[in-house]
Amino acid sequence: MPFVNIKKQYLAIGMLIFVILFFFNSKPAFQCQISTDNQVVSYLPIIYGITPTYTRLAQKADLTRLSQTLMLVKNFHWIVVEDAETKTDLVKNFLKETGLKYTHLNVKTHSSKHSTASGVEQRNLALDWLRDHLAKIEDKRGVVYFMDDDNTYALKVFDEMRKINKVGTWPVGIVGGMRVEMPVVTDGKITGFNAVWKPFRPFPIDMAGFAINATLFLEKPDAKFSRKVQSGFQESEILKYFTTKDELEPLAENCTKVYVWHTRTQKPSIINPKKLKHPPVISDAHIEV
Ligand SMILES: *[C@@H]1O[C@H](CO)[C@@H](O)[C@H](O)[C@H]1NC(C)=O
Ligand SMILES: *[C@@H]1O[C@H](CO)[C@@H](O)[C@H](O)[C@H]1NC(C)=O
């Protein structure tokens, strides 16, 4: 049966060639994955999102909505700072359950009659933590973004901020009495700002409308928010350390797209059960809302 023998030989040679090809092919492919070229292509700057938060009825609802956006963002580190003397169980348990990479901090605002600025102490504490953290790790690259816990963030805003060199900016929807507050861009450069609320601010930009290269916070150790500035000037206060109006990098297609909205959660009104003619059957005090 010479015919069958030839077939077997071909089969054996064929398999040998297949095995040889497999090994030769897989080796370069493996090397490619660990080569530096490939790392440059797939490098995704880490985003440090800084969110001050305080106890209120809609807090968990707001944090839930935000966290479920963040679950879809790659390479994200959430720094949540409670305005509280001690960390609350609600936020502690909530963060644990999100599965997100996070740092939980707290500092109580010292109320002052001179200033109603909110989030100053909390954001500054987060920046202290960030500098400490960056000093300890080898890769100091990243992006810092200040995020309110009740704003609305499209995933695209995170893609945009990873493009920044120093400081990038983009439009913010429904803020400052406008449909959209935004930088005016001519030939790829920012030439002005479309803002009606305190347009004389050095940077008439909402907190949600910019992100800063994290490495710069090591180069400017004094950069922080201040209680001494009037309301609406916190953004300008921090930005002045890092950039000028000319240097700001316009993102979101030359500032023509809205990827973040300054939404506000309405304060809920709850009825005191004691004042009801038909009170609820049981108390709900043991349920976390
Ligand atoms: C930030 O600046 C540093 C130092 O200038 C640079 O190496 C890095 O690529 C920049 N971008 C990011 C996202 O870190
Ligand atoms: C922004 O505008 C500049 C100048 O007109 C143009 O070259 C560039 O491609 C634009 N960028 C984007 C992302 O649309």
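Along the sequence shown, residues are numbered consecutively beginning with 1. As the structure lists them, so they are numbered: ligands from 1, and atoms in each ligand from 1.
- By the 3.5 Å distance cut-off applied to N or O atoms, Asn254 is counted among the residues near ligand 2.
- For the pair Leu216 and ligand 1, no heavy-atom separation below 4.0 Å is found.
- Of the residues listed (Thr51, Thr53, Thr265), the one engaging Asp149 in a side chain to side chain donor-acceptor pair (under 3.5 Å) is Thr53, and it is the only one.
- Using a 3.5 Å distance cut-off with no hydrogens or angles, the side chains of Gln122 and Thr109 do pair a donor with an acceptor.
- Nearest-residue assignment for atom 8 (C) of ligand 1 (options Ile47, Asn213, Ile164, Asn165; heavy-atom criterion): Asn213.
- Where the criterion is an N or O separation shorter than 3.5 Å, residue side chain and backbone included, Gly142 meets it with respect to ligand 1.
- Within the 4.0 angstrom cut-off, atom 14 (O) of ligand 1 has one or more protein heavy-atom neighbours.
- In the model, Asn213 has a side-chain atom that pairs as donor or acceptor with a side-chain atom of Thr215 under 3.5 Å.
- Every N/O-N/O distance between Glu219 and ligand 1 stays at or above 3.5 Å.
- In summary, the side chains of Thr186 and Thr191 do present a donor paired with an acceptor at a separation below 3.5 Å, with no hydrogens or angles considered.
- In summary, the atoms of ligand 1 found under 4.0 Å from a heavy atom of Pro45, numbered by their order in the structure, are 13 (C).
- Here the heavy atom of the protein found nearest to atom 4 (C) of ligand 1 is Thr215 CG2, 4.1 Å.
- Aromatic ring orientation, Phe94 versus Trp78: perpendicular (interplanar angle above 60°, classes split at 30° and 60°).
- Residues Cys255 and Pro250 have side chains in contact (heavy-atom distance under 4.5 Å, counting atoms from C-beta outward).
- Considering only non-hydrogen protein atoms, atom 9 (O) of ligand 1 sits nearest to Arg141 CD, 4.0 Å.
- Ring planes of Phe158 and Tyr145: perpendicular class, angle over 60° (limits at 30 and 60°).
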